[in-house]
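Naming convention: chains lettered A, B, ... in sequence-line order (proteins, then strands); numbering from 1 in each chain. Since the model is a prediction, treat every value here as computed from it, not as a measurement.
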Protein chains: 2
Amino acid sequence: MITLNDVAKKANVSKMTVSRVINHPDQVRPELRELILDVMAQLNYQPNAAARALVGRRTRVIKLTIFEDMDTTEPYYMMLLAGISNELNQHQYALQIATRNSFQNGECDGYILTGIRQTDYAWVSRLTQPVVFFGSNRQGYDYVDTDNYQAVQESTKYAVETGYTHLVFIGIAVAEPFELDRERGFREYVTTHRISAQIIRLENHSHTATAYVKAHWRNFPRNTAFVCASDRLAIGVETAIISEGGQVPTEYGVIGFDGVLLNQIATKRLTTMQQPLEAMGRAAARLLLANINHGDTPRRDQEKVIINSRLSVAESTR
Amino acid sequence: MITLNDVAKKANVSKMTVSRVINHPDQVRPELRELILDVMAQLNYQPNAAARALVGRRTRVIKLTIFEDMDTTEPYYMMLLAGISNELNQHQYALQIATRNSFQNGECDGYILTGIRQTDYAWVSRLTQPVVFFGSNRQGYDYVDTDNYQAVQESTKYAVETGYTHLVFIGIAVAEPFELDRERGFREYVTTHRISAQIIRLENHSHTATAYVKAHWRNFPRNTAFVCASDRLAIGVETAIISEGGQVPTEYGVIGFDGVLLNQIATKRLTTMQQPLEAMGRAAARLLLANINHGDTPRRDQEKVIINSRLSVAESTR
DNA sequence: CTGTTAGCGCATTCAA
DNA sequence: TTGAATGCGCTAACAG
């Protein structure tokens, strides 16, 4: 293992100078700095995370908490996780994953929180380390999210422009910001453009959607597009349409939201709003690390990172 | 933060004694040990992972590498991850997640490897730290797996006992141990019991299965059960049956394999072999940690942990 | 069985 | 701008 000392000897300086090149490069004479960087590269020096953690009173561990039940968890968490982990790895941070059931109160430097519902905020407020949310919130915590409002506006616009004349929004029956924003995106678009539309809210399961659409099949004339708040709902809708003898995409359109895996399971590959999850994961990690390192500065404004989703057009729309 | 010293003072011993209680409890007089454990509990002492890592020349980080493409990754990895992470947390180990694309060669104490294919073994053999596989292998690496052979035997038996008279095994077209074992489980069962059967191998996508079953629909008489090597395939089969006008489960049965999430998406909730993923994740972590701590002992035999799956009967079979 | 000493690799003092 | 000393919390090696 290469240590600071090895680098220092080879560069004929003290190890403090090497340490400074890493932590306060501006305090080292440029030529010397270059030389040392050179040696570090030659030796492939990797700072020892444990030692840094020890002296810095940091754990170099961040916790990701997933508040949903794991066995109904969306597969997209996997992509998110990859993004978070990639970014953390670069900064020599490791990850701990905690779930609602398995919350260990071991030490960490900060938290990334996902799947939080209104009822969980009391718990969150007791956390002493920096926190970043995945998904917006109105409690003032920093977060990373996609622009749910614009995303649904975009899908809705797409549905209209491809000629569907009646629109149905299938939302998720929870009063969380992400859902309200998606619904608002739909509502404002159809209102502004005076489009025939209806809004429905269901539990986020494919079966619920299938049952609902079948039960109310007469309400859905030909040329209806279903703009759904999740891929699960979209798959359920598609199943119902097909089982009722409707044609996708010629007579009916279906648009999902999320864009990982589930759309591959659909009979017609789903047109869906694809969230850039890897990027969002990275962003969340970066934001958290920034908070950790500026830890002492007095509380600033809530910081938000918004990353746009992209409509991925497939077989369930024209 | 509570340190060894705090505990030591309160217990009127030196910190070495406290340290021994943790690492070599048999070297401490029992009464004293109890006393110290008591104080540790009172103070809620948590050893500092960084310090242990530093002195033990360990990183206290283990890497989980997922060799599949992330965006087609099975949702069950999430459960596996939870298990691994839970176990690691208990032992003050943190996790890094690496994917095929993002393999950073930062330090770690060991690897848990998943999704490995034959072609990846060269890479694996260059790893210097202990390795545990998720999924069996014939290269001598320790692994955790479910008994694929017995699992498929069990599903097949179930299909027969519930009265399906023709059986079809839909396998995955790869020559990996897990798949060969599943296929063998099926083959031996139908051979032994002289049951009318056929074996098919497809790419592991629901569409492939749908297309195949539709194209060969005439080959599948009523009272056929499809024993599938994955939930994806099973969902695809089910879609085909329904679209061809077959009745599930009265005329046709479908059994999947894996048992997370995807079975909820199926039109009829899938009967499927449920892998105990959380437990398997924990087992993999435990096995790896054992290898790490017995690091110097000469290479023993390949160690295997086999955990049985459980048939979860739902709506796609009688 | 228990305590003392020393050092893991690094970064924050302070001094030059 | 650079270097020397000190200590983060813990454990291995030795001494008692």
Side-chain angles (χ1 to χ4, degrees), chain A residues 1-37 39-40 43-61 91-94 106-109 292-293 295-296, chain B residues 1-37 39-40 43-61 91-94 106-109 292-293 295-296:
Chain A
M1 170 187 265
I2 309 295
T3 71
L4 267 192
N5 238 324
D6 300 326
V7 178
K9 275 180 193 154
K10 185 148 185 195
N12 281 316
V13 294
S14 80
K15 54 181 188 169
M16 260 326 297
T17 308
V18 181
S19 174
R20 278 202 192 87
V21 169
I22 297 168
N23 300 293
H24 310 283
D26 49 312
Q27 297 176 14
V28 178
R29 189 159 38 89
E31 335 152 54
L32 191 51
R33 186 170 58 215
E34 294 309 320
L35 168 67
I36 291 173
L37 285 171
V39 175
M40 282 173 37
L43 265 40
N44 187 28
Y45 167 71
Q46 302 276 102
N48 179 310
R52 302 179 92 179
L54 183 58
V55 65
R57 277 97 180 287
R58 296 259 180 74
T59 62
R60 297 197 93 81
V61 168
H91 298 274
Q92 291 207 309
Y93 267 75
E107 311 282 333
C108 71
D109 294 341
I292 289 169
N293 294 324
D296 304 331
Chain B
M1 172 187 265
I2 308 294
T3 73
L4 267 193
N5 240 323
D6 300 328
V7 178
K9 275 180 193 156
K10 183 146 185 195
N12 282 318
V13 294
S14 81
K15 54 182 187 171
M16 258 326 291
T17 308
V18 181
S19 174
R20 278 201 192 89
V21 170
I22 298 168
N23 299 294
H24 311 284
D26 49 311
Q27 295 177 15
V28 178
R29 185 161 42 90
E31 334 150 50
L32 191 52
R33 186 170 59 216
E34 294 309 321
L35 168 65
I36 291 173
L37 284 170
V39 174
M40 282 174 36
L43 265 39
N44 187 29
Y45 168 70
Q46 302 278 101
N48 180 311
R52 303 179 91 179
L54 183 58
V55 65
R57 277 98 180 283
R58 297 257 181 74
T59 62
R60 296 196 94 79
V61 168
H91 298 273
Q92 290 207 309
Y93 267 75
E107 312 283 332
C108 71
D109 295 340
I292 289 170
N293 294 324
D296 305 330

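With a 4.5 Å cut-off on side-chain heavy atoms, L35(B) and L32(B) count as touching.
Taking atom CG of N12(B) as the reference point, atom P of dC1(C) lies 20 Å away to the nearest angstrom. The nearest whole Å value for the distance from the CE atom in M16(A) to the C1' atom in dC14(C) is 11 Å. One atom, CD of Q46(B), and another, P of dC8(D), lie 20 Å apart when rounded to the nearest Å. The distance from atom CE of M40(A) to atom C1' of dC10(C) is 13 Å, rounded to the nearest whole Å. If you take CG of L35(A) and P of dT1(D), they are 17 Å apart, rounded to a whole angstrom. For the pair Q27(A) CD and dA16(C) P, the computed distance is 19 Å after rounding to whole Å. Between the P atom of dG9(C) and the CZ atom of R60(A) lies a distance of 16 Å, rounded to the nearest Å. If you take CE of M1(A) and P of dC8(C), they are 12 Å apart, rounded to a whole angstrom.
Not one N or O on the side chain of D109(B) forms a donor-acceptor pair closer than 3.5 Å with the backbone of R58(B). Judged by distance alone, with hydrogens and angles left aside, the side-chain atoms of D6(A) form a donor-acceptor pair with the main-chain N or O of T3(A) at under 3.5 Å.
With no hydrogens or angles considered, no side-chain donor-acceptor pair links R60(B) and Q92(B) at under 3.5 Å.
When distances are taken from the side chain of L4(B) to each of dC10(D), dG9(D), dT2(D), the shortest belongs to dC10(D). The side chain of R29(B) lies closest to dT2(C), out of dT2(C), dT5(C), dC10(D). Nearest nucleotide to the side chain of T3(A), out of dC1(C), dG9(C), dT12(C): dG9(C). Considering only the side chain of A51(A), dC10(C) comes nearest among dA4(D), dC10(C), dT11(D). Of the candidates dC10(D), dT5(C), dA11(C), the closest approach to any side-chain atom of N48(B) belongs to dC10(D). Out of dT2(C), dT11(D), dA11(C), the shortest distance to the side chain of K15(A) is found at dA11(C). The R52(B) side chain lies nearest to dT11(D) when the options are dT11(D), dT2(C), dA4(D). The V55(B) side chain lies nearest to dC8(C) when the options are dA11(C), dG3(C), dC8(C). Taking every side-chain heavy atom of L54(A) into account, dG9(C) is the closest of dA4(D), dG9(C), dT4(C).
Counting any heavy atom pair closer than 4.0 Å across all strands shown, S19(A) reaches a base atom.
Here the closest non-hydrogen pair linking I2(B) and L43(B) is CG1-O, 3.5 Å. The nearest pair of heavy atoms linking R33(B) to P25(B) is NH1-O, 2.6 Å.
Contact between the side-chain N/O atoms of H24(A) and the OP1/OP2 oxygens of dT12(C) is found at a separation under 4.0 Å. Between Y45(B) and dG9(D) there is no side-chain N or O to OP1 or OP2 distance below 4.0 Å.
Counting distance only, with no hydrogens placed and no angle test, the side-chain atoms of R57(A) and the base atoms of dG9(D) include no donor-acceptor pair under 3.5 Å.
Along DNA chain C, the nucleotide closest to L32(B) and the one closest to G56(B) are compared, and the more 5′ of them pairs with L32(B). Checking R20(A) against I2(A), the closest nucleotide of DNA chain C that is more toward the 5' end is the one next to I2(A).
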